[in-house]
Amino acid sequence: MRFSQLFFSTFKEVPKDAEVLSHQLMLRAGMIRKVAAGIYSMMPLGLRVLRKFEAIVREEMNRSGAQEVLMPSMIPSELWKRSSRWDHYGRELLRIKDRHGKEFCYGPTHEEVITELANHYIKSYKQLPINAYQIQTKFRDEIRPRFGLMRGREFLMKDAYSFHASWESLDQTYRDMAATYRRIFQRAGLKFKAVKADSGAIGGDHSSEFMVTADTGEDAIMECLSCDYAANLEAAESHHKGQEMGDIETKTWVYMADQKPISVILKSEDTINEIKLRKALNAQVLYLSETTPETGLDAIVDLRLSGLGYEKLADLRNVKSGDICPHCHQGRLQEIRGIEVGHIFQLGDKYSHSMTATYVDEAGQDKPFLMGCYGIGIGRSIAASIEQNNDKNGIIWPVALAPYLVDIIATSTADETLNTCAESLYGELLGENIEVILDDRDESAGLKFKDADLIGIPFHVIVGKKFLSEGLIEFKSRQSGAVTMLKPEAVLGHIQTLLRAAKD
RNA sequence: CGGGGUGUAGCGCAGCCUGGUAGCGCACCUGUUUUGGGAACAGGUGGUCGUAGGUUCAAAUCCUGCCACCCCGACCA
């Protein structure tokens with residue numbers, strides 16, 4: 001590609017509404033363009049990055065034995081009514097009527113569609129397990145979209161669904177997916193952490209989130225400084241040493257749990273974790289009541305107040321930095337921030353049961369499928385990569401995601417010697433199928449350097465005054481800033497060596 | 001949905017209070033000189049001032065409704 005022909009332009013100034021760095025840089029680099037709140041067009045540079053990540057996801061999913069399908073983005077309401085999510089999903093679900101008045105939703109996730117597919121095609125336990133995935137545009141009518149691709153309403157997601165005849169088989173695929181996710185994020189050059197997540201009504205230790213660590217992350221993660229325990233704050237626990245006696249200050253709130261008021265008592269320095277509370281009370285609808293605490297109400301009390309003599313005890317608090325690890329009982333917990341880029345989850349028979357999707361087992365009996373689901377936010381992942389890889393000059397793409405690997409810059413377009421050399425290097429790299437872009441614009445050298453840095457192309461090949469004086473090409477790494485002087489005929493080999501190294 | 005805020009050229013903003021020729025920087029176009037970190041000079045293009053209505057001789061400016069967008073909270077890959 002030639003810069004002079006590329007459909008893009010870079011910007012010095014950034015629209016005021018771009019808050020986070022990844023959003024600002026993608027706008028400035030001409031990678032994305034907002035069309036409406038939380039809805040973006042991908043420009044060629046941005047799309048190339050997206051496709052790079054997608055390809056990694058596809059390769060690793062295929063390697064794991066999963067099979068790609070493509071489900072529709074528009075889903076008829078009947079399917080969603082069968083799982084009863086049509087009524088329960090809330091207003092994030094975009095509902096649409098066609099010309100006949102028939103109701104559809106724009107799929108935010110595809111459990112219903114895939115469950116119907118499984119039910120249609122899979123008759124016998126002999127056909128199990130199956131893991132099917134798609135990479136597809138989803139829509140969630142988020143209350144407040146923000147942060148560019150990080151939290152859009154329309155977004156590209158890889159979602160996989162597995163079907164099993166036994167929990168053992170589900171466990172196996174769950175572990176395979178965890179390993180696959182590790183490979184995917186490793187290959188993409190992301191620093192990440194797999195953390196225990198809230199597993200909702202299903203329960204058990206069967207929900208993990210893959211978090212890209214970044215200070216700007218929206219999620220709080222508690223990690224142990226001594227062992228490998230890590231959990232989303234929502235799900236994090238801590239080890240506590242039995243009763244605490246003496247003067248303990250407490251705080252009481254009144255919650256309405258399925259219409260019934262209940263007192264919730266914690267140590268005054270602690271904060272309530274409503275997810276834990278909801279689970280402890282097994283409540284559908286839970287909210288903080290306006291009423292003041294009064295005596296005579298049922299009470300539920302945090303574990304750490306076990307010395308006060310209440311009957312109903314549960315872990316109700318958010319753990320804090322400095323708490324003791326629930327896993328090794330040794331280390332202290334520390335809070336870090338993360339961006340959730342993936343989530344793997346054992347669903348069990350939640351959907352197969354409500355939608356009566358069954359297979360015939362060895363005994364000839366109809367059984368609901370056991371299911372797992374596994375998501376990766378594609379756009380969010382590349383935004384997360386930028387959050388992790390940038391400097392004051394712009395994006396620093398890892399080789400695995402970069403839109404182009406090499407940017408060839410001739411510092412003066414007026415000089416035919418430089419142009420000829422740049423063109424010949426360009427042709428040589430193209431001939432070897434190296435993703436190269438030639439900055440042939442009639443612009444100042446400074447602007448080309450700035451753009452190369454902003455866009456984050458890993459390797460810059462500069463044909464300039466050193467070439468005129470000594471016949472040497474400057475080869476610069478975006479990441480380290482290191483410059484190597486090379487003879488023109490050595491450039492290709494040097495790049496090939498670096499690319500090979502980047503693959504390992 | 002609650003609270004706060006913004007809509008003026010592609011982007012960043014001024015003008016509004018106190019009504020009277022729509023402006024600045026960047027970007028873009030033309031020409032000349034340039035070319036190692038977002039070049040200089042000269043000339044130019046581009047705006048129904050979010051939208052509908054009202055007040056007025058006259059509205060970007062005052063009033064009312066609506067819309068869009070952004071920030072803070074509860075939802076999520």
Side-chain angles (χ1 to χ4, degrees), chain A residues 9-20 23-24 27-28 30 33-39 57 88-93 107-110 135-160 181 197-198 200 209-212 217-219 232 234 274-275 286-288 338-345 373-384 392-394 409-415 418-419 439 441-455 460 462-469 474 476 481 483:
Chain A
S9 88
T10 55
F11 302 92
K12 263 191 253 190
E13 280 172 310
V14 96
K16 195 108 197 353
D17 51 358
E19 280 255 302
V20 296
H23 189 195
Q24 294 174 356
L27 288 169
R28 286 190 51 209
R33 164 86 170 151
K34 183 166 81 176
V35 176
I39 299 175
V57 170
H88 291 124
Y89 201 85
R91 290 197 293 166
E92 281 74 38
L93 187 64
T109 170
H110 282 71
I135 294 176
Q136 209 236 26
T137 301
K138 313 254 184 210
F139 195 94
R140 284 185 201 168
D141 203 352
E142 292 279 344
I143 295 168
R144 186 146 90 84
R146 55 185 135 174
F147 304 151
L149 293 194
M150 203 91 100
R151 182 196 287 245
R153 292 194 292 173
E154 187 179 288
F155 57 98
L156 197 62
M157 179 169 150
K158 186 284 297 179
D159 50 326
Y181 275 33
D198 168 50
E209 289 167 343
F210 286 77
M211 298 284 200
V212 167
E218 288 192 88
D219 289 283
N232 191 312
E234 292 174 351
E274 292 192 356
I275 287 164
L286 181 77
Y287 58 92
L288 188 58
I339 299 161
E340 183 182 355
V341 291
H343 197 163
I344 60 176
F345 197 96
C373 69
Y374 320 92
I376 290 180
I378 305 284
R380 177 180 283 190
S381 292
I382 67 171
K392 66 180 196 309
N393 293 316
I409 297 171
T411 58
S412 169
T413 46
D415 193 313
L418 299 183
N419 282 338
D439 201 338
R441 294 175 295 178
D442 187 16
E443 296 285 355
S444 73
L447 182 137
K448 295 181 185 180
F449 294 146
K450 287 285 184 193
D451 275 355
D453 285 349
L454 175 61
I455 295 164
H460 306 170
I462 302 158
V463 187
K465 60 191 179 194
K466 284 271 167 48
F467 180 70
L468 290 176
S469 61
E474 289 166 72
K476 184 174 170 188
V483 176

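Just so it is clear: chains get the letters A, B, ... in the order the sequence lines come, proteins before strands, and each one is counted from 1.
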Legend entry - Cationic N near anionic O, under 4.0 Å, E19(A) to R146(A):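 No.
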
Legend entry - Ion pair R153(A)/E92(A), N-O distance below 4.0 Å: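 The answer is no: the pair does not qualify as a salt bridge.
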
Please classify the nucleic acid contact of [X] as base, sugar-phosphate, or nothing, using heavy-atom distances under 4.0 Å.
| X | result |
| --- | --- |
| T10(A) | base |
| K34(A) | sugar-phosphate |
| D159(A) | nothing |
| A37(A) | sugar-phosphate |
| R441(A) | nothing |

Any side-chain heavy-atom pair from [X] and [Y] closer than 4.5 angstrom?
| X | Y | value |
| --- | --- | --- |
| Y181(A) | I376(A) | yes |
| E154(A) | T137(A) | yes |
| V212(A) | E340(A) | no |

[atom1] atom, [N] versus [M]: distance in rounded Å?
| N | M | atom1 | result |
| --- | --- | --- | --- |
| rA59(B) | rA22(B) | C1' | 13 Å |
| rG15(B) | rC49(B) | C1' | 11 Å |
| rG44(B) | rG36(B) | P | 30 Å |
| rU56(B) | rC63(B) | P | 16 Å |
| rA60(B) | rC16(B) | C1' | 7 Å |
| rA68(B) | rU45(B) | C1' | 28 Å |
| rU8(B) | rC13(B) | C1' | 10 Å |
| rC72(B) | rU18(B) | C1' | 35 Å |

Can you check whether any acceptor in the base of [N] is under 3.5 Å from a donor in the side chain of [X], or vice versa?
| X | N | result |
| --- | --- | --- |
| K476(A) | rG37(B) | yes |
| E474(A) | rG36(B) | yes |
| R28(A) | rG38(B) | yes |
| N393(A) | rG37(B) | no |

Legend entry - Closest-nucleotide 5' rank along RNA chain B - winner of L454(A) and V14(A):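 Result: V14(A).
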
Given atom [atom1] of [X] and atom [atom2] of [N], what is their separation to the nearest angstrom?
| X | N | atom1 | atom2 | answer |
| --- | --- | --- | --- | --- |
| K465(A) | rG36(B) | NZ | P | 7 Å |
| F449(A) | rU35(B) | CZ | C1' | 10 Å |
| D442(A) | rG31(B) | CG | C1' | 13 Å |
| K448(A) | rA39(B) | NZ | C1' | 13 Å |
| L27(A) | rC70(B) | CG | P | 12 Å |
| L447(A) | rG37(B) | CG | C1' | 10 Å |
| I455(A) | rG38(B) | CD1 | C1' | 12 Å |
| E13(A) | rG12(B) | CD | P | 8 Å |

Legend entry - Inter-residue atom distance M211(A).CE - I339(A).CD1, 0.5 Å rounding: 9.5 Å

Inset, instruction - Report the distance from atom CG of D451(A) to atom CG of L447(A), rounding to the nearest 0.5 Å. - result: 5.0 Å

Mind checking who [N] pairs with, Watson-Crick or G-U wobble, both distances under 3.5 Å?
| N | value |
| --- | --- |
| rC75(B) | none |
| rC41(B) | rG31(B) |
| rC13(B) | rG23(B) |
| rU6(B) | rA68(B) |

Inset, instruction - Between protein and nucleotides 71-77 of chain B, map the contacts as a letter string: B base, S sugar-phosphate only, - none, heavy atoms under 4.0 Å, written 5' to 3'. - result: SBBBBBB

Legend entry - Contact summary for G464(A) and L418(A), nearest pair of heavy atoms: O-CD2, 3.6 Å

Inset, instruction - Identify the two heavy atoms, one from Y374(A) and one from K158(A), that lie closest to each other, and give their separation to 0.1 Å. - result: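 Minimum heavy-atom separation between Y374(A) and K158(A): O-NZ, 3.1 Å.
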
Inset, instruction - Counting heavy atoms from C-beta on, name the nucleotide in rG37(B), rC11(B), rG38(B) closest to the side chain of P15(A). - result: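 The closest nucleotide is rC11(B).
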
Legend entry - K16(A) vs rG5(B): side-chain N/O to OP1/OP2 distance below 4.0 Å: no

Inset, instruction - Please state whether the phosphate of rU35(B), meaning OP1 or OP2, lies under 4.0 angstrom from any side-chain nitrogen or oxygen of S412(A). - result: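 No.
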
Inset, instruction - Give me the one residue out of R441(A), E443(A), E474(A), K448(A) that meets side-chain contact (heavy atoms from CB on, under 4.5 Å) with I409(A). - result: K448(A)

